[in-house]
Student: 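Please see the structure below; I have some questions.
Naming convention: chains lettered A, B, ... in sequence-line order (proteins, then strands); numbering from 1 in each chain. Source: prediction; values computed, not measured.
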Amino acid sequence: MIETDTRTPTVLELFRGFLILGLTGFGGVLPLARHMVVDQRRWLSGREFTELLGLCQFLPGGNIINLSVGIGLRFRGIAGAVAALVGLIAAPIVVVLVLGVIYARYRSEPHVVHMFAGLAAAAAGQLVAMAVKLALPLQRKPMSIAIAVVIFGAIVGFHLPLVPTMLAMAPISIFIVMKVRA
Amino acid sequence: MNDTLVSLAVIFVQLSLIAFGGGNTTLPEMHRQVVDVHHWMTSADFAALYALAQAAPGPNMMVVPLIGWNVAGASGMLVTTLAVFGPSSVLTIVALRLWHGFRNPVWRQAIQGGLAPISVGLVAASATIITRTVDHGWVLGAITAASALIAIRTKTHPLWLLAGGAAIGWTGFGQ
């Protein structure tokens, strides 16, 4: 008998695993996901995880959403994919709804309005931080910076809709980056 | 009512399929559709819902079910949730089944490399639009700046920053 390093989860285990992940993953589920999937439950090796994540980042949609679908699919087919995805989003949906109801109910209370204003300001700051962190690898890549600036200007300056903007800019950007590697 | 649900479905199916680089890249379009095109809520409400979703655990697309709930109640929530998570998940399933085609590193790298600057532009646009909406007065602006700086420079847990912002906001100082 050869002991294998990784274990195959059932549909229920997939659901439970991602349910816990959804409940505990505040502000970035990805590091936690790796911990659970690779270190704790040993569903995938580190290399398999990285490879799957690479594909998930390449596809549209949230990385962690795609990752849950990919892991569920790998072990238990469509049923596993659905179980993992539903597990991941079930608890957060309940939490946002409760917060939303509280906000709707008390939105005329000055203290609550002020509190949510502060909360929103801090959340905006995190978005700014994310933009900065994403932009750092583009340093010394003038063409990439130019593409980012054009997209930014189209959306913020000209209020262009995203779908046609993406359809126009994605091929141009892919072509330019491929040609000049910049 | 039904028209609203159809509009919600159309908007979020589109966003699901073009959300390259994660959910935050689609915030400007979400904002444009929900606030400017359909007038379902004010810009301030949109920013508040986004903040609520940030304070909740889980993936960062959780603002979507919340928007659905606010626009059309439980059925709105169901429609937006299915619309935003369904199509990209189906695409993931199809792509994983065709995994070997995607394994070709040359054009996979080319596409990934080409989409990276677009993601940067879109997330920067999201940050600008949300910040412009929420920052009235210097205290809120300072909260945003401090939160951004701390998040860039340190590994502080995001929830601490949100709690700090909420606590300063609660006092009403400068608002």
Student: Between A:Gly125, A:Gly157, A:Ala135, which has the largest tally of heavy atom pairs under 4.5 Å with chain B?
Tutor: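 The residue among A:Gly125, A:Gly157, A:Ala135 with the greatest pair count is A:Gly125.
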Student: About how many Å separate CD1 of B:Ile152 and CG of A:Leu136, when rounded to the nearest 0.5 Å?
Tutor: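 Going from the CG atom of A:Leu136 to the CD1 atom of B:Ile152 covers 7.5 Å.
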Student: For B:Arg132, which atoms come within 4.5 Å of any heavy atom of chain A: side chain, backbone, both, or neither?
Tutor: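 Contact with chain A is through the side chain of B:Arg132 alone.
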Student: Is there a path from A:Val37 to A:Leu19 through hydrophobic residues (I, L, V, M, F, W, Y) whose side chains come within less than 4.5 Å of each other?
Tutor: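 Per the 4.5 Å side-chain linkage, A:Val37 and A:Leu19 are co-clustered.
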Student: So which of A:Ala129, A:Pro171, A:Ala131, A:Pro161 has the biggest tally of heavy-atom pairs under 4.5 Å with chain B?
Tutor: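 Option with the greatest count: A:Pro161.
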Student: Could you walk me through whether B:Val120 and A:Phe152 satisfy the side-chain contact (heavy atoms from CB on, under 4.5 Å) test, starting with their C-alpha distance in whole Å, then the side-chain angles of each, then the deciding distance to 0.1 Å, before giving a yes or no?
Tutor: CA-CA 8 Å; B:Val120 171; A:Phe152 180 86; over 6 Å; no
Student: Below 4.5 Å, heavy-atom pairs only: which of A:Val101, A:Val149, A:Ile174 has the largest tally toward chain B?
Tutor: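 Highest number of pairs under 4.5 Å: A:Ile174.
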Student: Is A:Met36 linked to A:Val38 within one hydrophobic cluster, defined over Ile, Leu, Val, Met, Phe, Trp and Tyr using a side-chain heavy-atom separation of less than 4.5 Å?
Tutor: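 Yes.
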Student: Nearest 0.5 Å, please: how far is CG in A:Leu119 from OH in B:Tyr50?
Tutor: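 The OH atom of B:Tyr50 sits 11.0 Å away from the CG atom of A:Leu119.
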Student: Could you look at A:Ala117 and say if it's the side chain, the backbone, both or neither that has a heavy atom under 4.5 Å from chain B?
Tutor: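 Both parts, backbone and side chain.
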Student: Could you tell me whether the side chain of A:Val96 reaches within less than 4.5 Å of the side chain of B:Trp69, counting heavy atoms only?
Tutor: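 A side-chain contact is absent here, since even the closest heavy-atom pair is not under 4.5 Å.
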Student: If you take all heavy atoms of A:Gln126 and B:Gln54, which pair is closest and at what distance?
Tutor: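 Nearest pair, atom of A:Gln126 first, then B:Gln54: OE1-NE2, 4.0 Å.
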Student: Could you measure the distance from the CE atom of A:Met115 to the OG1 atom of B:Thr171? Nearest 0.5 Å is fine.
Tutor: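 Going from CE on A:Met115 over to OG1 on B:Thr171, the span is 12.0 Å.
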Student: Check A:Ala122 against B:Ser147 and note the closest heavy-atom contact, atom names and distance.
Tutor: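 Between these two residues, the closest heavy atoms are O-OG, 2.7 Å.
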Student: What closest approach, in Å, do A:Gly77 and B:Arg97 show between heavy atoms, and which atom pair accounts for it?
Tutor: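 Looking at all heavy atoms of both residues, the closest pair is CA-NH2, 4.5 Å.
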Student: With chain A as the partner, which of B:Val134, B:Thr131, B:Leu162, B:Val37 has the greatest number of non-hydrogen pairs under 4.5 Å?
Tutor: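 Answer, by heavy-atom pair count under 4.5 Å with chain A: B:Leu162.
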Student: Of all heavy-atom pairs between B:Ile18 and A:Met166, which one has the smallest distance, and what is that distance?
Tutor: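 Closest approach of B:Ile18 to A:Met166, heavy atoms only: O-CE, 3.7 Å.
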Student: Is it the case that one hydrophobic cluster holds both A:Val132 and A:Ile151, taking links as side-chain heavy atoms less than 4.5 Å apart, direct or via other members?
Tutor: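 No.
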Student: Would you say B:Leu5 ends up clustered with B:Met30 if hydrophobic residues are merged whenever their side chains have heavy atoms under 4.5 Å apart, either directly or through other cluster members?
Tutor: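 Cluster IDs for B:Met30 and B:Leu5 match.
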Student: Using a 4.5 Å cut-off on heavy atoms from C-beta on, say whether the side chain of B:Pro57 contacts that of A:Val95.
Tutor: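 SC-SC contact between A:Val95 and B:Pro57 confirmed.
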Student: Tabulate, in ascending numerical order, the residues of residues 67-75 of chain A having at least one heavy atom closer than 4.5 Å to a heavy atom of chain B, or enter 'none'.
Tutor: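 The residues closer than 4.5 Å to chain B, in numerical order, are A:Val69, A:Gly70, A:Leu73.
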Student: Which residue out of B:Asp45, B:Leu49, B:Leu161 racks up the most heavy-atom pairs below 4.5 Å with chain A?
Tutor: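 So the answer, after comparing B:Asp45, B:Leu49, B:Leu161, is B:Asp45.
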Student: Can you name the nearest heavy-atom pair linking A:Leu138 to B:Pro117, along with the distance?
Tutor: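 Of all heavy-atom pairs spanning A:Leu138 and B:Pro117, the closest is CD1-CA, 4.1 Å.
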Student: For B:Thr26, which atoms come within 4.5 Å of any heavy atom of chain A: side chain, backbone, both, or neither?
Tutor: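 It is both, since atoms from each part get that close.
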Student: Is A:Leu12 reachable from A:Leu23 through a run of hydrophobic residues whose side-chain heavy atoms are each under 4.5 Å from the next?
Tutor: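 A:Leu23 and A:Leu12: separate clusters.
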Student: Please flag which part of A:Leu167 lies under 4.5 Å from any non-hydrogen atom of chain B: side chain, backbone, both or neither.
Tutor: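 Neither part.
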Student: Checking B:Ile150 against chain A: side chain, backbone, both or neither under 4.5 Å from a heavy atom?
Tutor: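 Neither part.
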Student: Under 3.5 Å, side-chain donor or acceptor atoms of residues 84-94 of chain B against the rest of the protein: list the pairs with distances, not counting sequence neighbours.
Tutor:
| unit_1 | atom_1 | unit_2 | atom_2 | d |
| --- | --- | --- | --- | --- |
| B:Ser88 | OG | B:Ser16 | OG | 3.4 |
| B:Ser89 | OG | B:Phe85 | O | 2.6 |
| B:Thr92 | OG1 | A:Asn66 | OD1 | 3.1 |
| B:Thr92 | OG1 | B:Ser88 | O | 2.8 |

Student: Among the options A:Ile145, A:Val156, A:Val98, pick out the one with the most heavy-atom pairs lying under 4.5 Å from chain B.
Tutor: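 Top count of heavy-atom pairs under 4.5 Å with chain B: A:Val156.
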Student: If we define contacts as heavy-atom pairs under 4.5 Å, which of B:Ala151, B:Gly113, B:Pro59 has the most with chain A?
Tutor: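 Option with the top pair count is B:Pro59.
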Student: Checking A:Leu88 against chain B: side chain, backbone, both or neither under 4.5 Å from a heavy atom?
Tutor: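 The answer is both parts of A:Leu88.
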Student: What part of A:Met169 lies closer than 4.5 angstrom to a heavy atom of chain B: side chain, backbone, both or neither?
Tutor: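 A:Met169 touches chain B through backbone and side-chain heavy atoms alike.
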Student: With a 4.5 Å cut-off on side-chain heavy atoms, are B:Ile118 and A:Thr165 touching?
Tutor: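 No; the side chains remain at least 4.5 Å from each other.
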Student: So which heavy atom on A:Phe116 is nearest to which on B:Leu52, and how close?
Tutor: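 Answer, listing the atom of A:Phe116 first, then B:Leu52: CE2-CD2, 2.9 Å.
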Student: As an exercise: rank B:Gly172, B:Ala166, B:Ala51 by heavy-atom pairs under 4.5 Å with chain A and give me the winner.
Tutor: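 Highest number of heavy-atom pairs under 4.5 Å: B:Ala166.
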Student: Do the side chains of B:Gln14 and A:Leu162 get nearer than 4.5 Å, heavy atoms only?
Tutor: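 Of all side-chain heavy-atom pairs linking B:Gln14 with A:Leu162, none is under 4.5 Å.
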Student: Just how far is it from atom CD1 of A:Ile93 to atom OG1 of B:Thr81, taken to the nearest 0.5 Å?
Tutor: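 A:Ile93 CD1 to B:Thr81 OG1: 4.0 Å, rounded to 0.5 Å.
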Student: Show which residues join B:Leu140 in its hydrophobic cluster (side-chain heavy-atom contacts under 4.5 Å, direct or indirect), or state none.
Tutor: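 Direct or chained contacts put B:Leu140 with B:Trp138, B:Val139, B:Ile143, B:Ile168, B:Phe173.
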Student: Hey, which of A:Pro92, A:Ala170, A:Pro110, A:Ala121 has the most heavy atom pairs under 4.5 Å with chain B?
Tutor: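 Most heavy-atom pairs under 4.5 Å with chain B: A:Ala121.
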Student: Which one of A:Ala120, A:Ala154, A:Ala91 has the most heavy-atom pairs closer than 4.5 Å to chain B?
Tutor: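 The candidate making the most pairs under 4.5 Å is A:Ala120.
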Student: Show me the donor-acceptor pairs within less than 3.5 Å that the side chains of residues 123-130 of chain B make with the rest of the protein, sequence neighbours left out.
Tutor:
| unit_1 | atom_1 | unit_2 | atom_2 | d |
| --- | --- | --- | --- | --- |
| B:Ser126 | OG | B:Asn24 | O | 2.6 |
| B:Ser126 | OG | B:Leu122 | O | 3.0 |
| B:Thr128 | OG1 | B:Ala124 | O | 2.8 |

